> 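This is the structure, below, for whatever I ask next.
When a residue number appears, it is its place in the shown sequence, counting from 1. The shown structure was predicted, so the numbers you read here are calculated from the model rather than taken from an experiment. Atom set for the values below is all heavy atoms of this structure, side chains included, hydrogens, waters and symmetry mates excluded. Every number for a ligand or one of its atoms is a count from 1 in the order of the listing.
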Amino acid sequence: MIHKLISRVFKKKSPKNGEPRIFKLKSHGITADHLTPCALKTVRTLQQAGYKAFVVGGAVRDLLLGREPKDFDVATDAEPDEVRNLFRRSRIIGRRFRIVHVMCGPETIEVSTFRTVAVATNNDSDDRQTDQDSGRILRDNVFGSQVEDAMRRDFTVNAMYYDPVSQEIWDYHDGVADLKAGVLRIIGDPAQRYREDPVRMLRAVRFAAKLGLKLDPAAIKPIRQLAELLEDVPAARLFDEMLKLLFSGHAVESIRLLRKKGLHHGLLPMLDVILEQPMGERFIMLALAKTDQRIEEEKPVSPAYLFAALLWHEVLSTWQQIQDSGERPAPALHQAMDQVLSVQQKKLAIPHRYDAVMKEIWSMQPRFLQRGGQRPFRLLEHPRFRAAYDFLVMRCESGEVDAEVGRWWDTFQDAGEAKRGDMLIKDEAAPKKRRRRKPKGAGSAGVQPINPE
Ligand code: ATP
Ligand code: MG
């Protein structure tokens with residue numbers, strides 16, 4: 001599709017100031033039925049009421065790449081109240097920056113009014129101006145023209161508008177040509193655009209990995225110097241962006257790219273945790289690869305499970321330190337979990353709602369080494385057994401735990417009663433007597449310490 005399209009790009013004259021190149025159906029082949037009925041209805045209704053309306057951003061880009069869009073966003077010159085009045089099932093969301101959600105059945109279309117941006121300058125008298133050589137965006141809720149709306153977008157490939165009624169693509173910044181060339185290019189001066197909104201540095205890496213595009217060298221260059229600007233971004237927004245990166249289905253590729261470009265330090269606290277643990281690296285990359293695979297297979301993924309993996313080696317080394325200072329393994333593990341969570345949560349803004357599951361997965365790990373008596377049966381019944389077992393398998397695959405342990409549990413789960421009885425490893429089941437022994441030693445609470453090597 002894209003090839004056919006591009007062959008025509010260069011035949012067209014360069015558009016004048018801010019005007020888009022317009023591609024007709026015969027050049028791109030994207031018909032209105034590539035949209036969901038809800039997206040189509042939203043655009044049609046707006047146009048019938050006399051407004052401009054286009055599908056915009058990621059959906060147009062993905063359609064041109066022959067991929068199925070994740071969702072459809074619509075841009076219009078109608079103001080939020082006007083949009084709201086046209087659709088019975090719609091609501092305005094956001095206080096500062098108002099957009100309208102239009103609902104049809106289970107689908108929601110996000111409709112935003114064309115906007116322009118107001119950027120801080122040295123002369124700006126706005127009181128949010130304390131760090132104001134920064135060029136950071138002050139307001140992005142000012143309505144504007146379609147040309148301005150295209151200008152405020154981040155990448156050329158994200159600034160294409162598709163009108164399903166005329167079946168035309170309006171391309172303001174040569175996004176079509178960049179897609180064809182396989183380049184992810186920032187609109188305008190990259191350093192300035194990163195200063196306006198530092199999160200764009202992360203978006204650059206994520207989109208390059210996800211779309212298989214080469215990040216324009218001009219977009220890479222300023223990142224190292226400007227990465228520290230991310231420190232001023234609210235933790236919750238960084239956390240959202242990090243989730244998008246980790247759950248993009250291309251986490252391994254994103255990390256590889258960051259490392260290749262030497263950008264893996266200081267860009268995102270979570271990435272530092274991921275990339276700066278020599279011991280845990282293999283384990284973490286395995287966890288990310290499995291997450292990518294599950295997304296590819298459209299299986300559900302759990303942030304708590306992934307965070308548990310990302311922080312596991314922190315927990316292991318803290319656990320060992322606490323045991324070295326004389327604490328018994330079981331209480332030492334609980335102290336280690338609390339300690340790691342309280343430090344990392346502040347740094348990484350991991351919401352507390354994930355705590356319970358992470359702790360369960362971690363605290364079940366030593367129990368996999370207890371294979372005598374009733375304990376393996378009790379572990380099997382634990383509601384979180386499956387996640388904890390998957391976690392154990394990754395530990396085996398990364399070489400942290402003897403692969404035999406993983407195989408034992410694999411067999412044990414599916415074995416009949418009699419076989420299970422034969423499998424029990426009797427020596428391991430004597431927790432009560434051991435508990436009386438003095439700390440320091442292994443297994444004093446019936447919990448086998450795991451060697452954090
Ligand atoms: P995805 O498939 O990941 O959703 P997307 O391109 O739709 O990709 P969104 O984050 O949903 O990305 O944003 C929608 C559109 O809004 C983008 O295509 C881009 O045009 C614009 N946009 C989003 N975030 C920014 C930003 N930080 N700076 C400039 N433009 C942005
Ligand atoms: Mg999107």
> Please verify the inter-ring angle class for His28 with Tyr162; under 30° counts as parallel, over 60° as perpendicular, anything in between as tilted.
perpendicular
> Heavy-atom contacts with Arg152 under 4.0 Å: which atoms of ligand 1 show up? List them by number with element.
29 (C), 30 (N)
> With atoms numbered from 1 as shown, which atoms in ligand 1 lie under 4.0 angstrom from a non-hydrogen atom of Arg61?
1 (P), 2 (O), 5 (P), 6 (O), 8 (O)
> Please could you name the atoms of ligand 1 that Arg237 approaches to less than 4.0 Å, counting only its heavy atoms?
27 (N)
> Are there over 12 heavy-atom neighbours, none belonging to Glu297, within less than 6.0 Å of that residue's CD?
yes
> Give the ring-plane orientation class for Phe155 versus Phe207, where under 30° counts as parallel, over 60° as perpendicular and anything between as tilted.
perpendicular
> Within ligand 1, which atoms have a heavy atom of Arg206 less than 4.0 Å away?
3 (O)
> Would one find more than 12 heavy atoms of other residues, nucleotides or ligands at under 6.0 Å from atom NZ of Lys52?
yes
> For ligand 1, which atoms sit closer than 4.0 Å to a heavy atom of Lys210?
1 (P), 2 (O), 3 (O)
> Kindly check if the number of other-residue, nucleotide or ligand heavy atoms within 6.0 Å of CD (Glu296) is above 12?
no
> Among the heavy atoms of Asp197, does any lie under 4.0 Å from an atom of ligand 1?
yes
> May I ask you to check whether over 12 heavy atoms, not counting those of Arg89, lie within 6.0 Å of atom CZ?
yes
> Quick one: which ligand 1 atoms are inside 4.0 Å of a heavy atom on Gly57?
18 (O)
> For Asn158, run the side-chain hydrogen bond (donor to acceptor under 3.5 Å, both in side chains) check against Arg61, His173, Arg153 and tell me which one passes.
Arg61
> How are the rings of Tyr389 and Phe385 set to each other: parallel, tilted or perpendicular (split at 30° and 60°)?
parallel
> Could you check atom 11 (O) of ligand 1 against the protein and tell me its nearest heavy-atom contact, residue, atom and distance included?
Asp73 OD2, 4.1 Å
> With a cutoff of 4.0 Å, is Phe155 in contact with ligand 1, counting heavy atoms of the residue only?
no
> Would you call the rings of Phe391 and Tyr305 parallel, tilted or perpendicular if under 30° counts as parallel and over 60° as perpendicular?
perpendicular
> Out of Arg203, Arg200, Glu196, who is nearest to atom 24 (N) of ligand 1 when you count heavy atoms only?
Arg203
> Can you name the atoms of ligand 1, numbered from 1 with element, that are less than 4.0 Å from a heavy atom of Lys244?
10 (O)
> Considering only heavy atoms, does Arg153 approach ligand 1 within less than 4.0 Å through its side chain, its backbone, both, or neither?
both
> Nearest non-hydrogen atom to atom 4 (O) of ligand 1 belongs to which of Arg193, Lys70, Arg67?
Lys70
> Quick check: does Asp71 get an N/O under 3.5 Å from an N/O on ligand 1?
no
